[in-house]
Amino acid sequence: MERILVTGGTGYIGSHTIIELYKKGYEIDVLDNLFNSKITVLDKIKEICGKKPGFYKIDLCDFDAMNDLFKKNKYDLVMHFAGLKAVGESVEKPLKYYENNVGGTINLLKCMQENGVNKIIFSSSATVYGDQSVSKFDETLQTGVGITNPYGETKHIIEEMLKDVAESDPKFEAVILRYFNPVGNHPSGLLGEDPNDIPNNLMPIIMKVSRGEIAELSVYGDDYPTEDGSGVRDYIHVVDLAKGHVAAIEHMKPGVLIYNLGTGKGTSVFEMIAAFEEAGKKKLPYKVVGRRAGDLAEMYADPTKAKEELGWETELTVGDAMRDTIRYLNSL
Ligand code: NAD
Ligand code: UFG
């Protein structure tokens, strides 16, 4: 049985992935500094799957503490979710993002090297594709050009670092997973997206509007060249996303593998509002405002490569994600 260290494991995507990993019998430890998550998430995981991961409150930037952990425990693989992800904040505080995301990952890779751990799965983002003259993005497209914020740059730099490490070390195995737009939560409603940071993503904002914490949703533009004029994205249920990680583990080999994780289907902001209203049986207040700087009109994944090589594809819909989000909101 393999033992996995999950960095950022108390966070939104990490916690959902742990549930899928437990189903496959992996042994799990979590490393997180709890900057954007709560330790109580581990109890929710226990409630859902009867098992609780080992937990280490360690910062990626603390090389010595992390290295001690690697010396004490023999890990077979690292799943690297930990990172800061607030796009707006990254524009205001770029060095914080480079230090945490890039600096933290350098520390992690050094610890892995020093302690003979060769396998890593990295949470990247569709943002590495930048602005291109297409709507459907496949892995052969160029990356790193036209990225509009430091957060996105950190993802691109880390991808390049992983490729360089693989060049230098024939035993190194990395999988880069480029997430499109993760939404939803575990169907039990016990676990969900509960960020401490200021959300600028659509779903956390919809959730805050629904709870009355924000008066109304601002729809960033209704004049895009899309069917209804609002922005179109590929919203992937976080449980499907989590399963993509399990599929990736099973197909690792020396070198770097890169996969889009998305549904292949675009959904507009207005369609997201309608889906939320239908699932929640109530109106969601919104107003249309101007476009947000740096936003693309339309972006969705070509998920063919993951289907062909990993045997993975999404099974859940935006409607499922909205149903599960409502369950989570009702449990709060
Ligand atoms: P999250 O904020 O819920 O989880 C990230 C976790 O990392 C948090 O628990 C946080 O406390 C921890 N962390 C941050 N910096 C750390 C550090 N220096 N040391 C230790 N722990 C640290 O975010 P998420 O949505 O679960 O995202 C997971 C990963 O997926 C991130 O790398 C993110 O950039 C990437 N990603 C997310 C999305 C999305 O929309 N949610 C999209 C594409 C990529
Ligand atoms: N939107 C609104 N109002 C809001 C927030 C968002 O109308 O208050 C719209 C956006 O304009 C966009 C869509 O909802 O059309 C989705 O916006 P998000 O901010 O949720 O997601 P993005 O696709 O802009 O960006 C996300 C992550 C990035 C990641 C990127 C690609 O925030 O980190 O997906 O994976 F890089």
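We count ligands from 1, going down the list as the structure has it; atoms in each ligand are counted the same way. The first residue in the sequence is number 1, and the count goes up from there.
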Could you tell me whether the side chain of Asn107 and the main chain of Leu60 form a donor-acceptor pair under 3.5 Å?
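Side chain of Asn107 to backbone of Leu60: a pair is present.
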
Atom indices of ligand 1, in the order listed, that fall short of 4.0 Å to a heavy atom of [X]:
X      : answer
Gly8   : 6 (C), 7 (O)
Ser125 : 43 (C), 44 (C)
Phe35  : 11 (O)
Ile58  : 19 (N), 20 (C)
Tyr151 : 33 (C), 34 (O), 35 (C), 36 (N), 43 (C), 44 (C)
Ser123 : 29 (C), 30 (O), 32 (O), 35 (C)
Ser124 : 43 (C), 44 (C)
Leu34  : 11 (O)

Short list, please: which atoms of ligand 2 are under 4.0 Å from a heavy atom of [X]?
X      : answer
Tyr235 : 13 (C), 14 (O), 16 (C)
Tyr151 : 33 (O), 36 (F)
Val219 : 7 (O)
Asp295 : 10 (C), 11 (O), 24 (O)
Asn200 : 5 (C), 19 (O)
Tyr179 : 35 (O)

Any salt bridge between [X] and [Y], counting N to O under 4.0 Å?
X      : Y      : result
Asp295 : Arg292 : yes
Asp43  : Lys52  : yes
Lys96  : Glu89  : yes
Asp32  : Lys57  : no
Asp324 : Arg327 : yes

Going by the closest heavy atom to [atom], which one wins out of [options]?
atom                    : options                       : value
atom 30 (O) of ligand 1 : Tyr56, Phe180, Tyr179, Tyr235 : Tyr179
atom 14 (C) of ligand 1 : Gly9, Ala65, Gly83            : Gly83
atom 21 (N) of ligand 1 : Asn33, Val128, Asp59, Thr10   : Asn33

Give a yes/no verdict on whether any heavy atom in Ser218 is under 4.0 Å from an atom of ligand 2.
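Judged by the 4.0 Å heavy-atom criterion, Ser218 does count as contacting ligand 2.
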
Does the structure place the NZ or CZ of Arg178 under 6.0 Å from the centre of the six-membered ring of Tyr259, at an angle of no more than 45° from the ring's axis?
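Judged by the rule (NZ or CZ under 6.0 Å from the ring centre, within 45° of its axis), Arg178 is not positioned above Tyr259.
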
Give me the nearest non-hydrogen protein atom to atom 17 (O) of ligand 2 as residue plus atom name, then the distance to 0.1 Å.
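Heavy-atom neighbour on the protein nearest atom 17 (O) of ligand 2: Arg292 NH2, 3.4 Å.
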
